[in-house]
Amino acid sequence: GENVEQHPSTLSVQEGDSAVIKCTYSDSASNYFPWYKQELGKRPQLIIDIRSNVGEKKDQRIAVTLNKTAKHFSLHITETQPEDSAVYFCAASTTDKLIFGTGTRLQVFP
Amino acid sequence: GAGVSQSPSNKVTEKGKDVELRCDPISGHTALYWYRQRLGQGLEFLIYFQGNSAPDKSGLPSDRFSAERTGESVSTLTIQRTQQEDSAVYLCASSFFYRNTEAFFGQGTRLTVV
């Protein structure tokens with residue numbers, strides 16, 4: 001079955017700097033890669049997703065890149081703000097269940 | 001309702017008792033997932049339902065855990081003979097299967113076994 005690894009587990013950046021979170025997956029059939037943000041005490045919410053027919057997708061300050069050959073994908077947050085502080089989860093899916101990475105706790109210091 | 005609804009929000013139970021957690025998915029969503037999230041940890045896959053297909057139970061940690069779903073509606077997760085290590089937030093999510101799109105999460109049930 002699918003296995004998703006995520007790095008780093010914690011990430012601290014200064015406000016205004018960029019943050020990058022990386023994930024690898026094992027099942028080459030996976031074709032959908034969402035990223036979720038979970039603020040303290042709240043439910044995970046989708047922030048961006050990418051499908052296997054696309055190499056990069058951007059939405060304002062966040063972007064995701066996908067390398068299907070290497071089976072890895074990354075989340076990039078530019079111009080970080082304190083409200084970006086949260087736990088971020090990547091996930092991979094075929095037309096089957098959604099498997100999540102272990103999460104990255106991002107702290108943005110003002 | 002407009003979103004995924006879970007009940008109860010909080011449950012405190014004594015070790016050894018059985019508990020039942022409920023999830024109401026978004027209407028029309030054929031896929032339903034249960035995850036367990038221990039304090040400060042990630043989203044541990046438990047079970048996946050897709051329409052009337054046999055559920056994927058590969059994530060259930062022991063035979064004390066079971067789940068049911070009737071058609072494309074409500075799902076219940078049952079934990080028998082609860083143990084302290086079962087204490088966690090249990091999250092349910094639903095999505096449109098065939099469109100491979102966003103999974104929407106419920107607010108979770110915080111289970112505390114004392």
Side-chain angles (χ1 to χ4, degrees), chain A residues 1-11 21 23-27 29-54 57 59 64 66 85-107, chain B residues 1-7 9-10 23-26 29-51 53-60 67 69 75 88-110:
Chain A
E2 178 65 276
N3 182 52
V4 179
E5 295 189 354
Q6 183 172 348
H7 302 280
S9 57
T10 60
L11 180 60
I21 302 170
C23 290
T24 60
Y25 60 98
S26 61
D27 189 345
S30 289
N31 57 11
Y32 176 61
F33 307 92
W35 286 87
Y36 282 77
K37 176 182 181 182
Q38 187 178 30
E39 296 177 345
L40 189 63
K42 297 190 176 181
R43 71 190 77 185
Q45 292 193 302
L46 182 77
I47 55 171
I48 193 167
D49 57 12
I50 192 168
R51 289 173 176 77
S52 58
N53 59 342
V54 176
K57 184 177 178 180
D59 183 4
V64 58
L66 171 65
S85 296
V87 178
Y88 292 81
F89 293 98
C90 63
S93 173
T94 59
T95 52
D96 199 73
K97 57 183 178 280
L98 192 61
I99 299 299
F100 284 87
T102 49
T104 296
R105 183 174 301 278
L106 174 65
Q107 290 185 303
Chain B
V4 178
S5 178
Q6 292 186 245
S7 60
S9 298
N10 286 282
C23 173
D24 281 276
I26 293 172
H29 281 191
T30 59
L32 186 147
Y33 312 81
W34 282 98
Y35 294 91
R36 178 170 69 180
Q37 188 173 35
R38 291 196 168 105
L39 186 63
Q41 302 298 308
L43 300 169
E44 178 187 1
F45 167 76
L46 296 178
I47 189 168
Y48 165 70
F49 295 91
Q50 165 43 34
S53 301
D56 181 337
K57 304 179 181 180
S58 60
L60 294 179
R69 186 185 188 196
S75 176
V89 174
Y90 290 82
L91 288 160
C92 173
S94 71
S95 71
F96 285 113
F97 172 72
Y98 292 107
R99 301 179 191 178
N100 209 359
T101 56
E102 179 178 0
F104 292 83
F105 282 84
Q107 81 280 12
T109 293
R110 182 176 299 278

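Throughout, protein chains are lettered first and strands after them, A, B, ... in sequence-line order, and every chain is numbered starting at 1.
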Under 4.5 Å heavy-atom distance to chain A, tell me which part of [X] shows up: side chain, backbone, both or neither.
| X | answer |
| --- | --- |
| B:V89 | neither |
| B:L91 | side chain |
| B:F105 | both |
| B:A31 | neither |
| B:S53 | neither |

What's the spacing between [X] [atom1] and [Y] [atom2] if we round to 0.5 Å?
| X | Y | atom1 | atom2 | value |
| --- | --- | --- | --- | --- |
| A:K97 | B:S95 | NZ | OG | 13.5 Å |
| B:E102 | A:I47 | CD | CD1 | 11.0 Å |
| A:R43 | B:Q37 | CZ | CD | 13.0 Å |

Side-chain touch B:Y35/A:L98, heavy atoms, less than 4.5 angstrom: yes

Most chain B-contacting option - heavy-atom pairs closer than 4.5 Å, from A:S9, A:P44, A:G103: A:P44

Part of A:Q6 lying under 4.5 Å from any heavy atom of chain B: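 It is neither, since no heavy atom gets under 4.5 Å.
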
Residues forming a salt bridge (Lys or Arg N to Asp or Glu O under 4.0 Å) with A:K57, sequence neighbours excluded: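 With sequence neighbours excluded, A:K57 shows a salt bridge (Lys or Arg N to Asp or Glu O under 4.0 Å) to A:D49, given in chain and number order.
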
Within the 6.0 Å centroid threshold, strictly below: A:F100 and B:F45: no

Side-chain donor/acceptor of B:Y33 to backbone N/O of A:I99, under 3.5 Å: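 No, because the side chain of B:Y33 does not come within donor-acceptor range (under 3.5 Å) of the backbone of A:I99.
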
Those residues that, when tested against A:T24, pass side chain to side chain contact (heavy atoms under 4.5 Å, CB included) (two or more places apart): A:E5, A:H72

